[in-house]
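Atoms within each ligand, like the ligands themselves, are counted from 1 in listed order.
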Amino acid sequence: MAFDLSMIQATYDRMGARISAARQLTGRHLTFTEKILYSHLWADLPSAAYQRGTSYVDFAPDRVAMQDATAQMALLQFMQAGRKQVAVPSTVHCDHLILADTGAAADLASALDKNKEVYDFLASVSNKYGIGFWKPGAGIIHQVILENYAFPGGMMIGTDSHTVNAGGLGMVAIGVGGADACDVMAGLPWELKFPKLIGIKLTGSLSGWTSAKDVILKVAGILTVKGGTGAILEYFGPGADAISCTGKGTICNMGAEIGATTSLFSYDQKMSDYLRGTDRTEIAEMADKIKDHLAGDPEVYTDPDKYFDQVIEINLSELEPHINGPFTPDNAIPISAFAAAVRENNWPEKLEVGLIGSCTNSSYEDLTRSASLAQQALEKGLKSVAEFTITPGSEQVRFTAERDGILDTFEKIGGVVLANACGPCIGQWARHTDDPTRKNSIITSFNRNFAKRNDGNPNTHAFVASPEIVTAMAISGSLCFNPLTDYLSNDKGIQVKFEEPKGLEMPLKGFEVKDAGYQAPAEDGNQVNIVVDPNSNRLQLLDPFSAWEGTDLNNLKLLIKAKGKCTTDHISMAGPWLKFRGHLDNISDNMLIGAVNAFNDKTDSVKNQLTGEYGSVPQVQRAYKKVGIGSVVVGDENYGEGSSREHAAMEPRHLGVRAILVKSFARIHETNLKKQGMLAITFADPADYSKIQEDDKISISGLTTFAENTPLTVTLEHQDGAIDSFQVNHTYNNQQIEWFKAGGALNIIRKQMIG
Ligand code: MIC
Ligand code: SF4
């Protein structure tokens, strides 16, 4: 599938010299993360070591990966950059736009029909610019990447927050917005703040019901949704080596939920086995030769406190299966305490649906471990009481699982196999329910469980667990069932109990696939024509944003003061809106419709300061835009948590919001805002959040002398004439200040490329 051996070899050739130089520069031993980072610097080594958490560094990633929902915007931007071909190997994966309804075959056929225009666009842009194209049905981006492109010691960026999954194969793989991907594909460096390093030492070993997922569910409980911000998590220790490669992928995958820049494991036997098992023996052999470079120095792991900013130790032998939720992925509850938590919190006990799959948990191992429970159910006279769905991660996994009778086992207990795609994980789910607003519970092996994410119903309590736990709970139909200890009554009224799940890391007969779904680009794409219908409601060519006017921003209106969690799902909802991901104006109609207005506790209801009437957020903002008045969005902690979707930054930019002022930002979202020429600022004193009133006029000063490490000032003119003024901080460096001035990073690239 065209993994690029010469690119991997070039990376490996560079590593030795870079690592020794970095050891000299820092004067100490290196973690694996640092070895990869220093080997991927855009320029030569600096004269002084980087400060973690402070220094901005230019990197040269080896690859770019894009999924269909974000690729549209990334490629629309790339088309403006004026290049003939992408500068680094890149791929597009069609996985987000397939609606799960009745089952794989019918759902895929209907997606091909409904999304034809978008798929054709992505296929032809890929073909023109030398980008590998994975067709709808080929699988979920991160599984396909793990199976085909990830390699130990590499660096990749991807336009999806779960790009981090590739850390399971020892890669520094980082989720970014499309504008970042566009830079790298255009041959420019990619900038990241040198991360802090968190070491996670795993001792003991997983057994029985506990699986890789439980490691990250536990870590999420310890670090919370903000705890990984600005950091890379490096897993090590005897417990790490025994986890399968896809299990390592699961752990790294959900690092996105704690805000981590990425997570990774050192190269080991399990990775070597996986490379060989997925037809990449050459890469395993190349990696074996430079094994020492593909792990932290041994001294680091014997004395981790000296090398990491924080160290967490988890004894896998003592780890229980966990269930996290509802509404946030960091509410971690061990299974032994879960039934009590359900009753105490009055969460609906009846389990309506169990869903296994998603990029986090859809490997062959995941499916076999779950199928072992389904098989037991069959033998013990049980069927799935709850609705039960299964999404294989890739066509290769699906084809092999079908061959090995695994899918058949699921179907026999009532399971429905969905297309190899994101499906319900991203709200692409035609849920079959008699009441779409009812308070109810579902459990998934996915990663996110924010309100409304899966089915649009704010009353759906979504819990996240391992596929094994999901399968057992679905069979029982109850959220209070603990498969480790509890009995179920079978079709003859006899009490039966599950034995521990068992699985296979990789198929005994090897993986097999007929058509993996890959389409290579044309050698010379010059002749390929890209047509975007000007009347399309799904695709719209971009107009450049206008440059900064050169003055402070005065008399802006408050658009919304958002209260509490405001994730990218709140700012730019997915599900039904995914269809507009290539049409900025149309998708802007979902801007912030999920955010809670602090003044009336309602969603999508804000005061139009021109009329005094309440309207939907996008409507009110369009009214301001019409008369040329800018506005400000105010938010709480970790604003923009979750996805990499840059629509959450482009929509406010497009509709005329001038600044986002919050207590703190999630990393990818903050960068996305900067890239689009938006002002992203934080309260120097978070308590100033309470000074913002509904009818405020807001001015931001200090912009004419906008400089690194220099705060700006916000002045509020309240309705009664009173004035409040306070300091706000920003993290713009000189280059990012240029983006702001030019009206967006792309305006600068275009000038450089086209002249
Ligand atoms: C998600 O899981 O939220 C998504 C959909 O995969 C996003 C990307 C997107 O919004 O398209 C992500 O995680 O980055
Ligand atoms: Fe797809 Fe869900 Fe993974 Fe996002 S988290 S890439 S929506 S499967």
Measuring only between side-chain heavy atoms, which start at C-beta, is Met678 closer than 4.5 Å to Asn672? no
Check whether any side-chain heavy atom of Asp95 sits under 4.5 Å from a side-chain heavy atom of Asp68, and report yes or no. yes
Please check whether Arg581 reaches ligand 1 - meaning an N/O of the residue sits under 3.5 Å from an N/O of the ligand, judged on distance alone. yes
Between [X] and [Y], how do the two ring planes meet: parallel, tilted or perpendicular, split at 30° and 60°?
{"X": "Phe665", "Y": "Tyr639", "answer": "perpendicular"}
{"X": "Phe410", "Y": "Phe388", "answer": "perpendicular"}
{"X": "His93", "Y": "Tyr149", "answer": "perpendicular"}

How does [X] reach ligand 2, if at all, at less than 4.0 Å between non-hydrogen atoms: by side chain, backbone, both, or neither?
{"X": "Asn447", "result": "side chain"}
{"X": "Arg453", "result": "side chain"}
{"X": "Asp160", "result": "side chain"}

Distance filter under 4.0 Å to [X] heavy atoms, resulting ligand 1 atoms:
{"X": "Ser644", "value": "12 (C), 14 (O)"}
{"X": "Ala69", "value": "11 (O)"}
{"X": "Thr70", "value": "9 (C), 11 (O)"}
{"X": "Ser643", "value": "3 (O), 7 (C), 8 (C), 9 (C), 10 (O), 12 (C), 13 (O), 14 (O)"}
{"X": "His96", "value": "4 (C), 5 (C), 6 (O)"}
{"X": "Arg453", "value": "1 (C), 2 (O), 3 (O)"}

Identify, for [atom], the protein heavy atom at the shortest distance, and state residue, atom and that distance.
{"atom": "atom 1 (Fe) of ligand 2", "result": "Cys422 SG, 2.3 Å"}
{"atom": "atom 10 (O) of ligand 1", "result": "Arg645 NE, 2.5 Å"}
{"atom": "atom 6 (O) of ligand 1", "result": "Asp160 OD2, 2.6 Å"}
{"atom": "atom 3 (O) of ligand 1", "result": "Arg448 NH1, 2.8 Å"}
{"atom": "atom 8 (C) of ligand 1", "result": "Gln67 NE2, 3.1 Å"}
{"atom": "atom 2 (Fe) of ligand 2", "result": "Cys425 SG, 2.3 Å"}
{"atom": "atom 13 (O) of ligand 1", "result": "Ser161 OG, 2.5 Å"}

Quick look: His647 vs ligand 1, heavy-atom contacts under 4.0 Å, and the answer is neither
Part of Ile426 within contact of ligand 1 (heavy atoms, under 4.0 Å): side chain
Going by the order shown, which atoms of ligand 2 are within less than 4.0 Å of some heavy atom of [X]?
{"X": "His162", "answer": "4 (Fe), 5 (S)"}
{"X": "His96", "answer": "1 (Fe), 4 (Fe), 6 (S), 7 (S)"}
{"X": "Cys359", "answer": "3 (Fe), 5 (S), 6 (S), 8 (S)"}

With a cutoff of 4.0 Å, is His142 in contact with ligand 2, counting heavy atoms of the residue only? yes
Less than 4.0 Å is my threshold; does some heavy atom of Met254 fall inside it relative to ligand 2? no
Value rounded to 0.5 Å, distance of OG1 in Thr246 from CG in Asn361: 9.0 Å
